[in-house]
Amino acid sequence: MWETMRTKRLYINTMGCQMNVYDSDQIRNRLASLGYVPVDAPEGADLIIVNTCAIRDKAEQKAFSFLGRLAPLKTVKPDLIIGIGGCVAQQEGRKILSRMPYVDLVFGTHAIARLPRTIERISATRCRVVDVALSEGVEAEDFVSGPLVTSDVSAFVTIMRGCDNYCTYCVVPYVRGRESSRAPDAILDEIRHLVNHGVREVTLLGQNVNSYGLKEGLPGFDQLLEQVNRVEGLARIRFTTSHPKDLSDALMHAFGRLEKLCPHIHLPVQSGSDVVLKRMNRRYSSGQYLEKVARLRQIRPEMAITSDIIVGFPGESEQDFAATLELIRQVRFDSLFAFIYSDRPNAPAVRFDGKIAEAVKKERLQRVLAFQERITAQKHQAMIGDVHLVLVDGPSKHPSSTADSPPSDGQSEPGQWAGRTGGNKIVHFAGEGQAGAPNQILTGRMMPIMIERAMAHSLWGRPVPDPRASAVEGEPLCCIKPAWPV
Ligand code: 5AD
Ligand code: SF4
C-alpha cells in the first residue's frame, strides 16, 4: 500500500490540439490517485508520458524525435516508466514497442480511464502494454473532474469525441474513433466544478461540435449552449471546432441570443475551390460557406471569424489556389491557420494522384500567410480607439524583443497584463498590481480596455472607466454589445 501511495514524479509532454491538452489534464487527475505529482522536466521523473499528435506528418516526426531523446534517461534510471499516448500511439500501436525498446506503454485515445490500472500493472510486473482499443460510445467514467491542477482563468471541456466526417486528408476518424457525445448533465457538472475553482471561461471541445448529440438523440448543441449560458459565475463561453456544413440556423442565432457566448467562431474552410472541396469530401461549396459567414455577421456584426486552410492538396491547380486567395479576400478572416498538405496513413487522399511538389506547396503557404497578415494588420489597426472588454488571463509573458512588445523602452515592465477580447484577440495593458507575486489582483477580471496600438499578433491598450454603470463585479460579462464601439 505504502509503495503505491508514495509520491512519484510525473512528466507529461503534450503535443497537438486542445483535445490533447484536455486529455493530459485528465491523465494528471487520474494518476494523482496513484500518488503521482506533475513535474516540469523529464529528468528525474518516475513516469514520462508523451501525448502525441498525428494530424500532420511534421507533428508525428516531432513526437518520435522527442521519444528518441528519452532513451538515455532509461539507462540512468531503469525503473522509469515511459508511456506514449494520443493519436500517434493509436495509429502505430504495437509497432512502437518494436521500434523503441525502452517504451513500456502504448495507450490510445480511449484508454485514459484505464491508465491507473495499467500503470500499476507495469510497476508491479514490468510488463510492456499496448492498449489501443476504441469504444463505440462515451461512458460517464471516461471523464473525471479531479482536483484542478491549474489555476487558469480559462479551461477546456470535452463535450464529444471522434468524428464521422471522413474528410479525405484527415486521420482523426481513424485515431479518435466514431463520433460520440457526453450527456449534458455530466458536461454541466464539470463546468460548475471548474467555476467553483475560479475558472471564468470555458471552451467546449469536439471535432465537430455542431453535430453534438445528434446520434444519441440528446438536446442539440444550441440547447447545450443555452444551458451552459445559465451556469452562475461563468463569464464566457467559446467552442471549437465547427464544420461549416453542420452550422445550423439555430446555432447562428445562439450568437445573437446568449450573452456569454463570445462573438468568435473557428470555421475551417480548408479551400476556396469547389473542385478541391469536393475531393476533400467537405460537402459544402465556397458559395455556401460565404453565405454562412454573411449570415453570422448579420446576426452578430462584431463576429470574429478564423479558419484553417490546407495548401497543396493533391490536384490543387494554380487556379484552385487562386480561388482560395479570393475566398480569403472576400471573408477577411481575423486570423488563419494555414497548413501544407501531408499524406496521412489510412486517409484516402494518400492514394490520390496529382501530388504537389514540396516547393510549390511551400510557396503557396507563404502567399496565404502574407495575404492574411496584411488583413490581420488592417483589422488590428481599425480597432485603435475602440473599447473592448478583456478577460484578464494573468501577467503578460511577452518577450520584450518581439514585434508584439508594448510601446516601452523595450523592457518587460512589471504590472503588465494580458487578456483576450470576446473576439479572441490578445490585448496587453499596464494596470494596477505588480506582475511579480503577489499578482492575482487582475487575473480573472473583466476589464474595459481602450485599444491604443496594433501589433502583428496582439494589441496594446489602457484600462478605462467601465461605461456600463450598472455592471456588477462578478456578473457574467462577455464582450461588447452593439452599444459599444467594436
Ligand atoms: N495535411 C495538412 N493539414 C491537415 N489538417 C488535417 N489533416 C491534414 C493533412 N493531412 C489540418 C486541417 C484541419 C487542421 C486541424 O489540420 O486544416 O482543420
Ligand atoms: Fe478531420 Fe474532417 Fe473530422 Fe475535422 S471534420 S476531424 S477535418 S475528418
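The analysis underlying the following values was restricted to heavy atoms, covering all of them including side chains, and did not include hydrogens, waters or symmetry mates. All ligand and atom numbering here is 1-based and tracks the order in the structure.
Contacts between P173 and ligand 2 below 4.0 angstrom, taking non-hydrogen atoms only, involve the side chain exclusively. When non-hydrogen atoms are compared, ligand 2 lies under 4.0 Å from the backbone of Y166 (N, CA, C, O) but not from its side chain. When non-hydrogen atoms are compared, ligand 2 lies under 4.0 Å from neither the backbone nor the side chain of E179. With a 4.0 Å cut-off on non-hydrogen atoms, I340 touches ligand 1 through its backbone and not its side chain.
For the residue pair N51 / D23, no side-chain donor-acceptor distance below 3.5 Å is found, with atom types taken as modelled. There is a side-chain donor-acceptor pair under 3.5 Å between Y22 and Q26.
Closest protein heavy atom to atom 3 (Fe) of ligand 2: C163 SG, 2.2 Å. Of the protein's heavy atoms, D308 OD2, 2.7 Å lies nearest to atom 18 (O) of ligand 1. Ranking the protein heavy atoms by distance from atom 11 (C) of ligand 1 puts R56 NH1, 3.3 Å first. The protein non-hydrogen atom at the shortest distance from atom 4 (C) of ligand 1 is I310 CD1, 3.7 Å. Annotation: atom 5 (S) of ligand 2 to nearest protein heavy atom, N165 ND2, 3.5 Å. Considering only non-hydrogen protein atoms, atom 2 (Fe) of ligand 2 sits nearest to C167 SG, 2.3 Å. Summary of contacts: the protein heavy atom closest to atom 7 (N) of ligand 1 is Y169 CD1, 3.3 Å. The shortest contact between atom 1 (N) of ligand 1 and any protein heavy atom is with S342 N, 3.0 Å.
Between R99 and E92 there is no salt bridge, since no side-chain nitrogen of the basic residue lies less than 4.0 Å from a carboxylate oxygen of the acidic one.
For an aromatic pair to be called close, the ring centres must be under 6.0 Å apart, and Y166 with Y174 satisfies this.
Under a 4.0 Å criterion applied to the non-hydrogen atoms of I55, ligand 1 contributes the atoms 6 (C), 7 (N), 8 (C), 9 (C), 10 (N), 16 (O). For ligand 2, the atoms closer than 4.0 angstrom to any heavy atom of R282 are 2 (Fe), 7 (S). For ligand 1, the atoms closer than 4.0 angstrom to any heavy atom of R344 are 10 (N). Of all atoms in ligand 1, numbered sequentially from 1 with element shown, those under 4.0 Å from a heavy atom of Q270 are 12 (C), 13 (C), 17 (O), 18 (O). Each of the atoms 7 (S) of ligand 2 lies under 4.0 Å from some heavy atom of Y169. Taking every non-hydrogen atom of H243 and a distance limit under 4.0 Å, the qualifying atoms of ligand 2 come out as 5 (S). For ligand 1 and F339, the ligand atoms under 4.0 Å from any heavy atom of the residue are 3 (N), 11 (C), 14 (C), 16 (O), 17 (O).
Among the atoms of C170, an N, O or S atom falls under 2.8 Å of atom 1 (Fe) of ligand 2.
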Step by step, work out the salt bridge (Lys or Arg N to Asp or Glu O under 4.0 Å) result for R367 and E363. CA-CA 6 Å; R367 280 160 71 194; E363 190 252 347; 3.4 Å; yes

Give the intermediate values and the outcome of side-chain hydrogen bond (donor to acceptor under 3.5 Å, both in side chains) for residues E179 and S211. CA-CA 9 Å; E179 190 172 292; S211 54; 2.8 Å; yes

Using the rule given for side-chain hydrogen bond (donor to acceptor under 3.5 Å, both in side chains), can you reason through E326 versus Q330, listing the C-alpha separation, both sets of side-chain angles and the distance that settles it, and then say yes or no? CA-CA 6 Å; E326 175 55 20; Q330 288 190 42; 2.9 Å; yes

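Residues D152 and V199 form no side-chain contact, since every pair of their non-hydrogen atoms from C-beta on lies 4.5 Å or further apart. Contact of the Y289 side chain with the S307 side chain is registered, since non-hydrogen atoms from C-beta on lie closer than 4.5 Å.
Counting heavy-atom neighbours within 6.0 Å of R94 CZ, excluding the residue itself, gives a total of 12 or less. For Q319, the CD atom counts as loosely surrounded, since its 6.0 Å shell holds 12 or fewer non-hydrogen atoms of other residues, nucleotides or ligands.
Put simply, no part of R176 is less than 4.0 Å from ligand 2, judged by heavy atoms.
Checked by atom type and distance alone, the side chain of D164 never pairs as donor or acceptor with a backbone atom of R178 at under 3.5 Å.
Classified by interplanar angle (parallel below 30°, tilted 30° to 60°, perpendicular above 60°), the ring pair F337/F339 is parallel.
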